Amino acid sequence: AQSVTQPDIHITVSEGASLELRCNYSYGATPYLFWYVQSPGQGLQLLLKYFSGDTLVQGIKGFEAEFKRSQSSFNLRKPSVHWSDAAEYFCAVGPYSGGGADGLTFGKGTHLIIQP
Amino acid sequence: DVKVTQSSRYLVKRTGEKVFLECVQDMDHENMFWYRQDPGLGLRLIYFSYDVKMKEKGDIPEGYSVSREKKERFSLILESASTNQTSMYLCASSSKGDSYSNQPQHFGDGTRLSIL
């Protein structure tokens, strides 16, 4: 069965500093990978996705993520965080094309705190 | 932009009641999903549907059922609500794409349900 691990429950970063949120997945084939962000009281908003091709993907709000097959990782990065980036971040994996109709498998989330 | 609308942001019900959570999407998406979100557990898939009148069990279907009579509407039903069903419920939709779930899911803002 597929699974997603986000090893950091909480991360605190100073405003203006760089950010990296870790995500490791377990999946038997080439996965579809996603990062979502959830602000307090809101639903999830898609930041970026990886389906195939270039392993470095760009998303909204200045985020990027790199797919590393050898490490089964899909870490999210941002060079300089803003106070408005404080939120919950979720990594998710979906089945390979043709794998059937399934929902996404989500990690448990990383809560990002921004220090002034 | 895709709009996924959940009928209630907050809902309070009593143990044993039959509870309906409604979700409507405006993008003619084939796939619709219901998740519940609990602290420390992330999002877990309850049910999903890839076509009208079709439904599939997710990871935690016990105590729930769903209905999809129209393409744009997907209802989650708690047959006899219990206190352990107190949670945040998130609805999502996606287009079919090349396979059933390789397209990003778009989420509603969630319904926070309390069962007393």
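Predicted, not measured: the structure shown is a model, and the values here were computed from it. Heavy atoms only: backbone and side chains are in, while hydrogens, waters and symmetry mates are out. Below, chains carry the letters A, B, ... as their sequence lines are ordered, and counting in each starts from 1.
Of the listed residues Ala92(B), Gly58(B), Gly108(B), Gly110(B), the one with more heavy-atom pairs under 4.5 angstrom with chain A than any other is Gly108(B).
Nearest heavy atom pair, residue Leu90(B) against residue Gln38(A), reads CD1-NE2, 4.2 Å. Minimum heavy-atom separation, Gln37(B) to Phe90(A): NE2-CZ, 3.3 Å.
Of the two parts of Leu44(A), the backbone and the side chain both hold a non-hydrogen atom closer than 4.5 Å to a non-hydrogen atom of chain B.
Under a hydrophobic clustering in which Ile, Leu, Val, Met, Phe, Trp and Tyr are joined whenever their side-chain heavy atoms come within less than 4.5 Å, directly or via other members, Ile77(B) and Tyr89(B) fall into different clusters. Residues Phe74(A) and Val93(A) share a hydrophobic cluster, clusters being chains of Ile/Leu/Val/Met/Phe/Trp/Tyr side chains in contact below 4.5 Å. Under the 4.5 Å side-chain heavy-atom criterion for ILVMFWY residues, a single connected hydrophobic cluster contains both Leu113(B) and Tyr64(B). When the side chains of ILVMFWY residues are joined at heavy-atom separations under 4.5 Å, either directly or via intervening members, Val24(B) and Phe20(B) end up in two distinct hydrophobic clusters. There is a path of hydrophobic side-chain contacts, each under 4.5 Å, that joins Val37(A) to Tyr50(A).
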Would you tabulate the side-chain donor-acceptor contacts of residues 42-49 of chain B under 3.5 Å, counting partners in other chains and residues two or more places apart, or write 'none'?
unit_1	atom_1	unit_2	atom_2	d
Arg44(B)	NH2	Asp38(B)	OD2	2.9
Ser49(B)	OG	Asp51(B)	O	2.8
Ser49(B)	OG	Met54(B)	O	2.6
Ser49(B)	OG	Arg68(B)	NH1	3.1

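The number of heavy atoms from other shown groups lying within 6.0 Å of CD1 (Ile60(A)) is above 12. Summarising the local packing, CZ of Arg77(A) is surrounded by more than 12 heavy atoms from other residues, nucleotides or ligands at distances under 6.0 Å.
Panel note: side chain Tyr36(A), backbone Gln105(B); a donor-acceptor pair is recorded below 3.5 Å.
For residues 18-26 of chain A, heavy-atom neighbours of chain B at less than 4.5 Å comprise no residues at all.
Atoms CG and OG, from Leu46(A) and Ser94(B) in turn, are 11.5 Å apart once rounded to the nearest 0.5 Å. Interatomic distance, Phe106(A) CZ to Tyr35(B) OH, rounded to the nearest 0.5 Å: 4.5 Å.
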